[in-house]
Each structure stands twice: as C-alpha cells, then as structure tokens.
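Report on the structure given below.
Numbers here are sequence positions counted from 1.
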Amino acid sequence: TTAPQESPARPPQAGSGIGRTPGRAMRSTTLLALLALVLLYLVSGALVFQALEQPHEQQAQRELGEVREKFLRAHPCVSDQELGHFIKEVADALGGGADPETNSTSNSSHSVWNLGSAFFFSGTIITTIGYGNAALRTDAGRLFCIFYALVGIPLFGILLAGVGDRLGSSLRRGIGHIEAIFLKWHVPPELVRVLSAVLFLLIGCLLFVLTPTFVFCYVEGWSKLEAIYFVIVTLTTVGFGDYVAGADPKQDTPAYQPLVWFWILLGLAYFASVLTTIGNWLRVVSRRTRAEMGGLTAQAASWTGTVTARVTQRAGPTAPPPEKERPLLPPPPAPTQPVVRPLSPEPTEKVDPPSPPTASALDYPSENLAFIDESSDTQSERGCALARTPRGRRRPNPPRKPARPRGPGRPRDKG
C-alpha cells in the first residue's frame with residue numbers, strides 16, 4: 001500500500017480570509033487605538049497652539065482696550081455704549097466685504113462681488129476650501145449656495161480625478177526618460193525606482209509649491225513664510241481666510257483670481273495624483289504580503305500532510321483494511337504435507353487431482369488453509385469407503401477448465 005497523496009493546498013485568493021480583507025470592518029481594538037492616537041494628537045496640537053497664540057491674543061486685547069480708553073478721553077461727548085455699538089457695526093461691515101478705507105464720497109470701483117471675485121468665490125465652494133473672507137448675507141444667496149455646492153462638489157471631484165490622472169501620467173512619462181538614462185549608466189533598478197519617486201515629488205513641489213510662493217511674494221507683498229503658509233493651507237483645502245490672494249482692494253486685475261483658481265485646480269490634481277500613487281503602492285505591497293503569507297500557509301499544509309503520510313506508512317495499519325478496498329487474491333497454496341491417497345485398482349489409469357475450490361478468497365488466510373486440509377481428508381476417506389460403479393465409464397470430476405481428452409484404446413476393467 002502507498003501513502004495517500006495529499007492534494008496541494010491552493011494559495012489563498014485576495015480577500016480569502018488571510019489578513020484583513022478590504023471589505024471587512026476594522027477591528028474594535030484597532031479602531032479604539034486609532035481613536036486614542038487621534039485624540040492624543042489633537043490634545044497635543046491644542047496645547048501647542050494655546051501656548052503660542054494665547055499670549056498674542058491677550059496682548060491684542062489689551063492694546064484694543066488702551067486705544068478705546070484713549071479715544072474716549074479725546075472725545076468726551078461720545079459715550080462708551082455708543083462707541084461699542086459703532087465698533088460692532090464696523091465689524092459686521094468688514095465681514096460683509098466692505099472696505100474700511102472707502103467712504104461714501106470716494107469713487108472707488110472695487111467690489112468683492114465683481115465677476116473675477118465671484119468666480120473665485122464659486123471656485124472655493126466646489127473645491128471645499130471656503131476661505132471665509134467673503135460670506136453670503138442674503139437668504140436667497142444662502143439657499144442657492146446649498147444646491148450649488150451639492151451639484152458642484154461631485155462634478156469637481158470627477159474633473160479632479162481626470163486631471164490628476166493625466167497630470168500624473170505626463171510627469172511619470174517625463175520621469176521615465178530620466179529612468180532610461182540612469183539604466184544606461186548601469187544604475188541598479190532599485191535605486192532608479194527610489195530616484196524616480198524622489199524626482200516625482202521634487203518636480204511637483206517645484207511647480208505647484210515653490211513657484212507660486214515666489215509669485216505671491218511679488219504680487220501680494222507677503223513674506224516668504226506668509227506666502228508658503230497660504231499655499232499649503234490652500235492646497236490642503238483648509239482655507240482659514242486670513243490670507244487670500246486677490247483680496248486686497250489695491251489688486252484690481254480682473255483675471256488675477258481666476259488664474260489663482262486654475263493654479264488651485266492643478267495643485268489639487270497633483271496632490272491627488274501623489275495620494276493615488278501612494279495608495280496603489282500600498283495596495284501592491286498588501287497584495288504581495290497576502291500572496292506570500294498564502295504561499296507559506298500552503299507549503300506548511302503540504303509539509304504537514306507529507307509528514308503525516310510518511311509516519312502512517314512506517315507505523316503500518318493497526319486494523320485490517322475495509323472489505324471493499326481489499327483486492328480479491330487467489331487462495332494460498334495447499335500445505336506441503338503429502339496427501340495419502342488409496343491405491344487404485346486400475347494402475348494404468350491417471351486420475352486428475354480434485355480442483356481447488358472456485359469460491360472467492362476467504363477473509364483470513366488461516367481459515368482458507370483449514371478448509372483445504374479438511375477437503376483433502378474428506379475426499380481420501382470417501383475414496384476408501386465407497387465401491388466403484390461397475391457400469392459404464394466413470395465420470396470425471398467437473399474440472400475448472402475443460403479436461404484433456406483421454407487416449408483411445410485404453411480398456412477399463414468391468415470387474
């Protein structure tokens with residue numbers, strides 16, 4: 001008998017249960033640990049911002065109080081309540097986009113809601129940046145903004161995905177030529193991949209972060225820190241609104257803010273391409289990890305089955321195999337002891353020995369041998385006790401195969 005062949009275990013498919021599949025929910029322990037990490041990050045950020053900004057706020061509040069007291073001493077006819085009401089009205093007007101340097105007698109044509117500024121405001125809605133420097137003050141405008149955002153945000157998301165794919169393909173195609181040059185210089189492929197990733201990040205940062213920083217420094221008159229702060233806050237769609245390109249009333253170029261919006265589109269597309277590349281890389285790494293784990297599991301299962309089969313083969317079966325699986329074997333040969341036969345009165349006649357039983361083999365060899373011995377002894381005793389039939393030719397025992405014909409001219413005794 002041979003050891004049973006173990007069927008090789010199939011490598012686990014994607015999502016077969018080895019590791020966490022993309023469709024399964026995150027474990028409760030992992031979710032709680034991630035929530036604790038985010039809360040810790042928020043608390044640490046709150047402490048840092050509080051330590052940095054609270055003293056500046058208190059100082060500004062003290063300066064405002066000093067200016068207010070100085071104004072009341074210089075103008076004793078103005079009461080404290082009237083001054084407070086006037087400050088509140090000024091703050092509301094500034095929130096609505098009014099320019100404090102413009103009065104009713106000036107002929108300034110600056111407006112927060114001219115065509116270029118309104119286009120830029122609509123762009124901040126669908127990009128979800130929302131600077132907040134210009135806000136809607138009418139009920140009709142707020143109602144329209146609700147439906148405008150619900151339709152525009154998904155539409156811009158589709159556009160952003162398409163532009164991001166095209167932009168990423170163009171950058172990767174350009175980097176591919178640089179990779180070919182490195183490969184001609186016999187640079188190792190692993191190092192070439194690292195260099196291509198670094199070049200992809202550097203070219204994007206140069207085009208969409210550093211170049212706009214210097215442009216805003218020149219056009220808006222900001223410092224380098226203020227300009228790069230505005231760029232990062234904008235491209236991450238945070239949009240605080242303390243710095244907004246084109247919000248200065250002195251900036252009266254109508255096409256300036258629409259051009260800024262197109263820069264926002266390309267910058268967001270680049271960041272989306274970077275995030276897509278990182279996601280694809282993580283997906284490939286996860287798939288390779290699952291495949292390697294599946295291969296190791298299959299090899300372990302095959303090795304375990306092989307070892308079990310070899311141990312079973314060496315130990316041998318402890319019980320007889322089932323009857324349906326045992327092949328039909330011919331009966332074992334008769335014992336070597338000579339069988340005593342009676343002397344025949346016809347010495348010249350050859351008598352064929354009795355054929356072995358044609359029944360199927362017995363279950364156990366010992367019973368088969370006992371059956372053969374008993375049959376031989378019984379036939380011998382019957383040959384001695386019974387007389388032969390005096391008439392006709394004696395019929396031969398029915399053989400298993402056709403009996404050979406007897407030779408002619410052999411007489412039989414009738415006595």
Side-chain angles (χ1 to χ4, degrees), residues 57 60 64 82-164 208 212 215-216 219-222 226-227 229-272:
E57 178 194 8
L64 178 61
E82 292 176 352
L83 180 60
H85 181 72
F86 176 75
I87 293 175
K88 184 178 179 181
E89 292 293 336
V90 170
D92 292 340
L94 292 177
D99 185 9
E101 297 181 359
T102 303
N103 52 35
S104 58
T105 60
S106 62
N107 295 323
S108 176
S109 60
H110 175 75
S111 173
V112 180
W113 296 106
N114 57 22
L115 184 59
S117 300
F119 179 87
F120 185 75
F121 177 80
S122 301
T124 59
I125 292 176
I126 64 175
T127 56
T128 68
I129 295 177
Y131 288 112
N133 62 315
L136 299 172
R137 296 296 177 179
T138 61
D139 294 338
R142 292 166 181 168
L143 181 62
F144 176 76
C145 181
I146 293 174
F147 296 100
Y148 188 80
L150 292 177
V151 176
I153 292 174
L155 185 62
F156 179 77
I158 298 173
L159 174 64
L160 188 65
V163 175
F208 303 110
V215 171
F216 291 135
V219 176
E220 298 288 341
W222 297 336
E226 292 172 342
Y229 167 77
F230 168 74
V231 169
I232 299 301
V233 167
T234 299
L235 295 183
T236 54
T237 68
V238 175
F240 289 118
D242 49 352
Y243 290 91
V244 179
D248 190 357
K250 298 178 182 179
Q251 187 59 251
D252 55 355
T253 306
Y256 176 66
Q257 285 189 318
L259 291 177
V260 172
W261 184 85
F262 279 104
W263 161 73
I264 293 174
L265 172 63
L266 295 178
L268 291 177
Y270 167 72
F271 274 89

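With F156 as the partner, the side chain to side chain contact (heavy atoms under 4.5 Å, CB included) test is satisfied by one option alone out of T128, L268, I125: L268. None of F120, F216, Y270, F208 except one satisfies the ring-ring contact (aromatic ring centres under 6.0 Å, His included) rule with W263; the exception is F216.
Side-chain atoms of Y229 and D242 form a donor-acceptor pair, as typed in the model, at a separation below 3.5 Å. Between the side chains of Y131 and T234, at least one donor N or O sits under 3.5 Å from an acceptor N or O.
Between the side chain of T253 and the backbone N or O of Y256, no donor-acceptor pair lies under 3.5 Å. Counting only distance, with no hydrogens or angles, the side chain of S117 and the backbone of N114 share no donor-acceptor pair below 3.5 Å.
Residues L150 and P154 approach most closely at O-CD, 3.2 Å, considering heavy atoms. Taking both residues in full, the closest heavy atoms of D248 and E220 are given as CB-OE1, 4.5 Å, listed atom of the first, atom of the second, then distance. In terms of heavy-atom proximity, N133 sits nearest to A247 at ND2-CB, 4.0 Å. Between G123 and T127 the shortest heavy-atom distance is O-OG1, 2.6 Å. A245 and W222 make their closest contact through N-CH2, 4.0 Å (heavy atoms, listed as atom of the first residue, atom of the second, distance). Taking both residues in full, the closest heavy atoms of P212 and V231 are given as CB-CG2, 4.3 Å, listed atom of the first, atom of the second, then distance.
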Trace of the side-chain contact (heavy atoms from CB on, under 4.5 Å) decision for L155 with V151: CA-CA 7 Å; L155 185 62; V151 176; 5.5 Å; no
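Within a 6.0 Å radius of CZ in F119, other residues, nucleotides and ligands contribute more than 12 heavy atoms. Environment of CD in E57: sparse, with no more than 12 heavy atoms of neighbouring residues, nucleotides or ligands closer than 6.0 Å. Within 6.0 Å of CG on L115 lie no more than 12 heavy atoms contributed by other residues, nucleotides or ligands.
Rounding to the nearest 0.5 angstrom, the gap separating the CG atom in L160 from the CD1 atom in I264 is 12.0 Å. Here CD1 of I153 is found 8.5 Å from CD1 of I126. Values are rounded to the nearest 0.5 Å.
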